[in-house]
Amino acid sequence: MGDQSLGWKIPERIGRVEELAYNLWWSWHTEARELFRNLNYVLWRIAGHNPVKQLRETSPERLQQLAADSQFLALYDAVMARFDVEVLAEKTWFETQYPGMLKGPVAYFSMEFAIHNSLPIYAGGLGILAGDTCKEAGDIGMPFVAVGFMYPQGYFRQHISPAGEQEEVYRQLDFDEAPIRRVLGSDGSRVLAKVPLGEKTVSLAAWLVKVGRVDLYLLDTDVPDNAPQQQQLSARLYVADPEMRLQQELVLGMGGVRVLRALGIHPAVWHANEGHTAFMTLERVREYVEKGMPFEEAAQKVRLSTIFTTHTPVPAGQDVFEAGLVAEYLSDCFSSLGIDRRECLRLGEVPESEGRWFNMAALALRMSEQRYGVSRVHGAVARRMWHVLWPDIRENDAVPINYITNGIHIPSWIASEMRELYDKYLGVDWLERHDDPSTWKKVLDIPDGELWDARRILRHKLIDGVDELAQKAWANNDVEPHQLVGIGALLHPEVLTVGFVRRFAEYKRPTLLFRDIQRLKQIVRDPFRPVQIVFAGKSHPADHASKELVKRVFSLGMDRDFMGRIAFLEDYDMHMARYLVHGVDVWLNTPRRLHEACGTSGMKAVLNGVLHMSVPDGWWEEGYDGANGWAIGDVVKPATSEEEDRADAESIYRILERDIVPLFYTRDRQGIPHGWVRMVKESIRTLSPRFSTRRMMKEYIECSLGPVCRAQLR
Ligand SMILES: *Cc1c(COP(=O)(O)O)cnc(C)c1O
């Protein structure tokens with residue numbers, strides 16, 4: 001199970017395809033994807049672009065045939081040669097630049113990881129960031145090991161009922177078909193570590209995912225040693241039940257450290273991605289205390305090697321537990337930490353909660369030396385929000401929380417049409433220099449016609465994809481006839497396409513665009529210069545207000561006055577995200593000010609020549625320069641939400657009417673909108689180098705790893 005070798009049926013000449021299938025490195029390399037596509041195109045599609053599943057189902061005869069096919073062999077040899085250089089070679093960029101800096105790997109803990117759709121263990125932006133971070137760490141060759149959960153049911157799949165209600169579907173993942181391998185301890189057993197959970201003890205197994213050079217260990221509680229309830233602990237991501245959630249976080253934090261120890265991995269630096277992971281700090285304190293160190297000294301040692309990144313700009317989004325519940329679960333821990341109940345609970349206390357709550361971000365902030373927000377504005381918001389933890393500091397700005405703006409892993413998010421253009425005009429090695437702004441100056445050399453052709457092809461691919469989904473839904477008897485309109489059957493591949501694609505949450509204001517329905521109808525229905533709008537996104541299962549927003553958008557899509565130009569696509573995931581960030585013309589983002597920590601989907605869009613229209617919050621507050629997209633409303637937050645909605649809706653309509661629509665539809669005799677293309681180039685040129693995970697990782701190295709490592713030497 002999960003690690004049955006396929007070696008018996010793979011001819012030796014192409015024997016390493018199995019190694020390749022089990023390393024998600026393939027997913028961000030065009031030639032490697034090409035290799036699997038050529039292996040058997042039909043199976044590739046049926047397997048949902050999952051080479052492990054595909055290889056299982058490929059016949060031995062087909063593999064024999066390929067092992068004698070010179071064209072296939074040439075591709076195979078080229079891919080494996082590249083794999084050897086990028087994944088196996090000893091000399092890396094990091095080792096060259098910072099020889100000896102790290103005495104061990106960076107251990108990166110996260111509740112979710114989005115690496116590829118074949119491993120559905122993510123919910124959204126946080127997971128995408130964690131996945132992109134692993135890929136980049138491997139690309140630059142930084143010693144890095146990641147820890148998360150293997151959820152067989154992951155997050156849910158979204159289905160919209162004929163009445164527009166979101167239904168959540170949980171599917172069981174077949175571990176045999178996932179790109180994961182069982183990890184065995186030195187004694188050959190599956191159980192690698194045990195963690196006390198209240199009265200009980202939970203046994204932990206782990207799965208290994210290869211992400212280029214990076215090893216990602218996913219914890220699993222579904223082992224025979226555990227009681228049924230504990231086996232279910234790792235079944236799903238973000239369960240609503242607080243007690244189960246607390247148990248998961250204890251398992252991730254404490255269990256994660258223990259599993260790494262059991263595997264003989266000794267990290268030099270520990271990175272907590274969001275508060276969910278903060279219990280890892282307590283486990284490390286416990287290790288020192290066990291060796292006889294006093295609590296405060298141990299805590300200080302742990303702080304010196306801990307980096308924490310917070311992603312939550314609003315108090316309501318914090319991960320908090322009832323203090324009493326935490327005390328129950330940690331009771332064992334107090335004594336082994338050498339502190340009492342009160343002192344322990346104080347680690348997660350926020351003054352205004354008066355001892356009732358245990359706040360995971362507060363724990364992480366207290367137990368780390370390096371603390372970061374994820375954009376310039378978010379850094380400032382975090383300093384204000386957490387000022388209470390530093391009562392002796394007078395100024396907000398002096399609160400010791402810095403920021404490093406998030407980025408995206410460029411090879412993962414670029415469309416092949418755009419990559420080919422960049423190969424041709426930026427120089428074949430542009431990908432290696434992609435965080436250097438001067439690399440992107442040459443975008444101006446791309447002929448307008450070629451860039452426009454690529455943009456058109458990508459829009460056509462998106463609309464074709466939407467048609468295919470509608471057709472499938474129809475054939476599967478999943479939709480009523482009139483719903484076909486609402487899921488995009490009438491979208492047109494030459495119409496200016498705006499995308500609103502993100503989690504449906506009240507603060508993101510997915511229905512802001514409909515504030516003045518008549519005005520929107522006029523914009524959409526223009527007979528010569530029409531506009532269409534594609535929506536996609538899930539609501540949290542327990543967030544009923546946001547489910548109403550899904551319903552509203554879904555039903556407006558079927559209003560005949562919109563002429564079939566408003567569509568809602570169900571079950572937004574990483575795969576759909578690619579089509580959308582490649583294929584729309586304008587990426588719309590309307591969070592309430594100071595509520596978007598960073599956002600990354602817009603970065604994926606601009607990399608592919610999509611123009612960004614957003615409230616100047618999160619990354620856009622840094623990225624927007626007046627000529628590379630559009631800012632909705634003002635940076636300054638209006639006094640009330642009502643005023644903010646009114647001003648922003650007005651701003652969106654005005655930008656659409658006066659700027660976007662005319663710019664898009666003003667064409668030359670060949671049909672090329674030169675003004676539009678000029679702006680696309682400006683957007684790519686100024687934004688792509690800055691909002692990449694490469695730039696982000698280099699900042700983490702310079703700002704945090706450097707100081708952390710120096711502090712450890714002292
Ligand atoms: C990029 C991405 C996100 C992040 O979106 P934001 O709205 O920018 O936070 C979420 N989900 C998926 C599937 C993504 O690809």
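Just so we're clear, the structure is a prediction, and the values are computed from it rather than from any experiment. Start at 1 and go down the list; that is how both ligands and their atoms are numbered. These values consider heavy atoms only, across backbone and side chains, with no hydrogens, waters or symmetry-generated copies.
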Worksheet item: Does the salt bridge (Lys or Arg N to Asp or Glu O under 4.0 Å) test come out yes or no for Asp571 and Arg157, once each step is laid out?
Response: CA-CA 6 Å; Asp571 201 29; Arg157 302 185 63 127; 3.2 Å; yes
Worksheet item: Quick one: side-chain hydrogen bond (donor to acceptor under 3.5 Å, both in side chains) pairs with a partner in residues 607-618, sequence neighbours left out?
Response: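 Sorted result for residues 607-618: Asn589-Ser614.
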Fill in: Within the 4.0 Å heavy-atom sphere of ligand 1, strictly under, residues
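Gly124, Gly125, Ile128, Trp413, Arg502, Lys508, Tyr572, Asp573, Met574, Ala577, Gly599, Thr600, Ser601, Lys604.
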Worksheet entry | Cationic N near anionic O, under 4.0 Å, Arg552 to Glu548 |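 Looking at Arg552 and Glu548, the cut-off is not met.
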Worksheet item: Is Glu650 paired with Arg646 through a side-chain N to carboxylate O contact shorter than 4.0 Å?
Response: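 Not counted as a salt bridge, because no side-chain N and carboxylate O are separated by less than 4.0 Å.
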Fill in: Partner residues of Lys53 under the side chain to side chain donor-acceptor pair (under 3.5 Å) criterion, sequence neighbours left out
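Lys53 satisfies side chain to side chain donor-acceptor pair (under 3.5 Å) with no other residue.
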Worksheet item: Which pairs with one or both residues in residues 583-604 pass salt bridge (charged side-chain N to carboxylate O under 4.0 Å, His left out), sequence neighbours excluded?
Response: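 Residue pairs passing salt bridge (charged side-chain N to carboxylate O under 4.0 Å, His left out), neighbours aside: Arg459-Asp585, Glu506-Arg592, Lys508-Glu596, Arg592-Glu644, Arg592-Asp645, Arg593-Glu644, Arg593-Asp648.
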